[in-house]
Amino acid sequence: QVQLVESGGGSVQAGGSLRLSCAASRYTYSSGCMGWFRQAPGKEREGVATIFINGVTNYADSVKGRFTISQDNTKNTLYLQMDSLKPEDTATYYCAAETRFISCAYGNRWSSIPAYRYWGQGTQVTVSS
C-alpha cells in the first residue's frame with residue numbers, strides 16, 4: 001500500500017513563499033503520476049500541479065508562474081515550491097499518486113481526482129493579506 005505524508009504547510013503573508021513536501025513509501029517514482037491538489041473551505045478539491053514519469057509537468061492556470069512541482073527520486077519525495085502566495089491560495093493541500101500512467105496522464109486527467117488512487121492526509125496552507 002502506497003503511503004504519502006505531506007509536510008511544510010503553515011501560515012504566511014501574501015507575497016511570501018512555502019515549500020510543501022510529500023514523502024512517499026512503497027511507491028516507485030519511475031511510474032505513473034504524482035501531483036498536488038488543494039481544497040479550500042466550501043469548495044471542491046482541485047488539481048494544482050502534476051509531474052509525470054517522463055518529467056512533463058502540468059499546472060492549474062491560477063498557479064502558473066508562481067508554483068513549481070519537482071521530485072527527488074533518491075529521497076522518494078515530491079515538492080511544491082509556492083512563491084508569490086495569495087490569500088486565495090489558502091487551502092488544505094493534498095499529495096496524490098497513481099502508478100498507472102494511463103489513468104492520469106492523458107487529456108485533463110492529470111487534474112482529475114478519480115485518476116489517483118493514493119492520497120495523503122493533507123497539510124494546511126494559510127495566506128493572510
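Given the structure is predicted, the values throughout are model-derived calculations rather than measurements.
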Task: Sub-4.5 Å side-chain heavy-atom contact between L78 and I69 - done: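 The answer is yes, as the side chains (C-beta and beyond) meet within the 4.5 Å cut-off.
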Open item on the list: Looking at N54, I want to see if its CG is surrounded by more than 12 non-hydrogen atoms of other residues, nucleotides or ligands under 6.0 Å.
Closed with: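 Check passes, neighbour count above 12.
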Open item on the list: Looking at Q13, I want to see if its CD is surrounded by more than 12 non-hydrogen atoms of other residues, nucleotides or ligands under 6.0 Å.
Closed with: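 No, because the 6.0 Å sphere around CD of Q13 holds 12 heavy atoms or fewer from other groups.
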Task: E6 side-chain N/O to L20 backbone N/O, donor-acceptor pair under 3.5 Å - done: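 Answer holds: no.
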Task: Expected output: side-chain R66 to main-chain S84 donor-acceptor under 3.5 Å - done: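 Side chain of R66 to backbone of S84, a donor-acceptor pair under 3.5 Å: yes, one is there.
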Open item on the list: For the CD atom of Q71 and the OG atom of S21, what is their distance to the nearest 0.5 Å?
Closed with: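 With rounding to 0.5 Å, CD (Q71) is 13.0 Å from OG (S21).
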Task: Transitive ILVMFWY side-chain link V48 to L4, under 4.5 Å - done: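 The answer is yes; both residues are in one hydrophobic cluster.
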TODO: Go through the steps for Q124 and T90 under the test side-chain contact (heavy atoms from CB on, under 4.5 Å), then give the verdict.
DONE: CA-CA 8 Å; Q124 178 66 36; T90 295; 4.0 Å; yes
Open item on the list: Check this for me: does any side-chain nitrogen of one of K64 and D61 sit under 4.0 Å from a carboxylate oxygen of the other?
Closed with: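 Here K64 pairs with D61 in a salt bridge, since their nearest N and O are under 4.0 Å apart.
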TODO: Check Y106, F101, W110 against F52 for a ring-ring contact (aromatic ring centres under 6.0 Å, His included) and give me the one that passes.
DONE: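 Going through the options one by one, the only one that passes is F101.
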Task: Option among Y93, W36, F37 that satisfies the ring-ring contact (aromatic ring centres under 6.0 Å, His included) test with W119 - done: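 Among Y93, W36, F37, the one that satisfies the ring-ring contact (aromatic ring centres under 6.0 Å, His included) with W119 is F37.
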Task: Listed partners of Y116 passing side chain to side chain donor-acceptor pair (under 3.5 Å), at least two apart - done: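 For Y116 the side chain to side chain donor-acceptor pair (under 3.5 Å) partners, ignoring immediate neighbours, are T50.
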- [ ] Only pairs at least two apart or in different chains count here, so list each salt bridge (charged side-chain N to carboxylate O under 4.0 Å, His left out) that has a residue in residues 114-129.
- [x]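 Salt bridge (charged side-chain N to carboxylate O under 4.0 Å, His left out) check on residues 114-129 returns E98-R117.
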Open item on the list: For S17 and D83, which I'm curious about, is there any donor-acceptor pair between the side chains at under 3.5 Å?
Closed with: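 Indeed, the side chains of S17 and D83 share at least one donor-acceptor pair under 3.5 Å.
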Task: Passing option when R38 is tested against E44, E46, E88 for salt bridge (Lys or Arg N to Asp or Glu O under 4.0 Å) - done: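 Of the listed residues E44, E46, E88, the salt bridge (Lys or Arg N to Asp or Glu O under 4.0 Å) partner of R38 is E46.
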